[in-house]
Amino acid sequence: MVWDSQTYPHLCLLLPAFLKGATKTLLQFTTEFLPDGAIVGSTPVQCELVHMETMNNANEGALGTYCMAVCHAPTMTTMHFNARLKYCKNQTGKYIKQFLNARSRKYLHCKAWQIDAQNIDRKQWLAYVEHTYKLVAKHQKDDQRKRQKREVMAAKLAAIVPCLTNAGIVKIKVSKIDLQICWH
């Protein structure tokens, strides 16, 4: 960015004030990285304890949770994500171990396979693809209609004889004046 006091007059006061406030924080932050600082002297266990995710998406609600899950398992379907989330939040695994016997677990396993065999995710995906194709076709029609309108306007403007005098403008109708304005 070029320093230009005419283009950016507010920066003359704003930038020094910002840098004064940032200096305190920067000095405090950098002391932790000095050879005798807190970060250099910490053990690997301590470093692991203070580890923070690079993104705060996990705390941002369902969308953030979904984004984080898809980062770790890109081919996971929405249905699979929902099932895994419910399994964790409802502590289903703990319930299964505590209350269900081998026969009940086998029954649940078969039910899960039957649900997977229905290809619900694939059907949803195909419906989405069909909707997208329809939307693209609609946008193409809209673009074609707009292009035709532009071509009609261009033809009208090409046929106009420009009126360059005040006396000529007084004699023409309002619709023709609009075309004259568009031409200019």
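Nothing here was measured: the structure is a model prediction, and the numbers come from that model.
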> Is any side-chain heavy atom of Gln140 less than 4.5 Å from a side-chain heavy atom of Gln144?
Replying inline: no
> Hey, is the main chain of Gln118 close enough, under 3.5 Å, to the side chain of Lys123 for a donor-acceptor pair?
Replying inline: yes
>> Do Leu135 and Thr132 make a side-chain contact, defined as non-hydrogen atoms from C-beta onward lying under 4.5 Å apart?
In response: no
> So which heavy atom on Thr78 is nearest to which on Asp121, and how close?
Replying inline: N-OD1, 4.5 Å
> Any link between Ile115 and Leu108 through a network of hydrophobic side chains (Ile, Leu, Val, Met, Phe, Trp, Tyr) touching at under 4.5 Å?
Replying inline: no
> To the nearest 0.5 Å, how far apart are NZ in Lys176 and CD1 in Ile160?
Replying inline: 7.5 Å
> Could you give the distance from CG (Asn119) to CG (Leu126), rounded to the nearest 0.5 Å?
Replying inline: 9.0 Å
>> What's the separation between atom CE in Met153 and atom NZ in Lys156, rounded to the nearest 0.5 Å?
In response: 6.0 Å
> Do the side chains of Met76 and Arg84 get nearer than 4.5 Å, heavy atoms only?
Replying inline: yes
>> In this structure, would Val70 and Phe81 fall into the same cluster of hydrophobic residues linked by side-chain contacts under 4.5 Å?
In response: yes
> Of all residues at least two apart in sequence or in a different chain, which pass the side-chain contact (heavy atoms from CB on, under 4.5 Å) check with Lys111?
Replying inline: Tyr107, Gln114
> Between Arg105 and Lys97, which heavy-atom pair has the shortest distance, and what is it?
Replying inline: NH2-CA, 3.5 Å
> Other than Tyr133, which residues form its hydrophobic cluster under the rule that side-chain heavy atoms must be closer than 4.5 Å?
Replying inline: Trp125, Tyr128, Val129
> Between Tyr87 and Gly93, what is the shortest heavy-atom contact and its length?
Replying inline: OH-CA, 3.0 Å
>> Please check if the number of heavy atoms outside Met79 that lie under 6.0 Å from its CE is greater than 12.
In response: yes
> Any donor and acceptor pair, going by atom type alone, linking the side chain of Asn101 with main-chain N or O of Arg103 inside 3.5 Å?
Replying inline: yes
> Sequence neighbours excluded, which residues qualify as side-chain contact (heavy atoms from CB on, under 4.5 Å) partners of Asp143?
Replying inline: Arg147
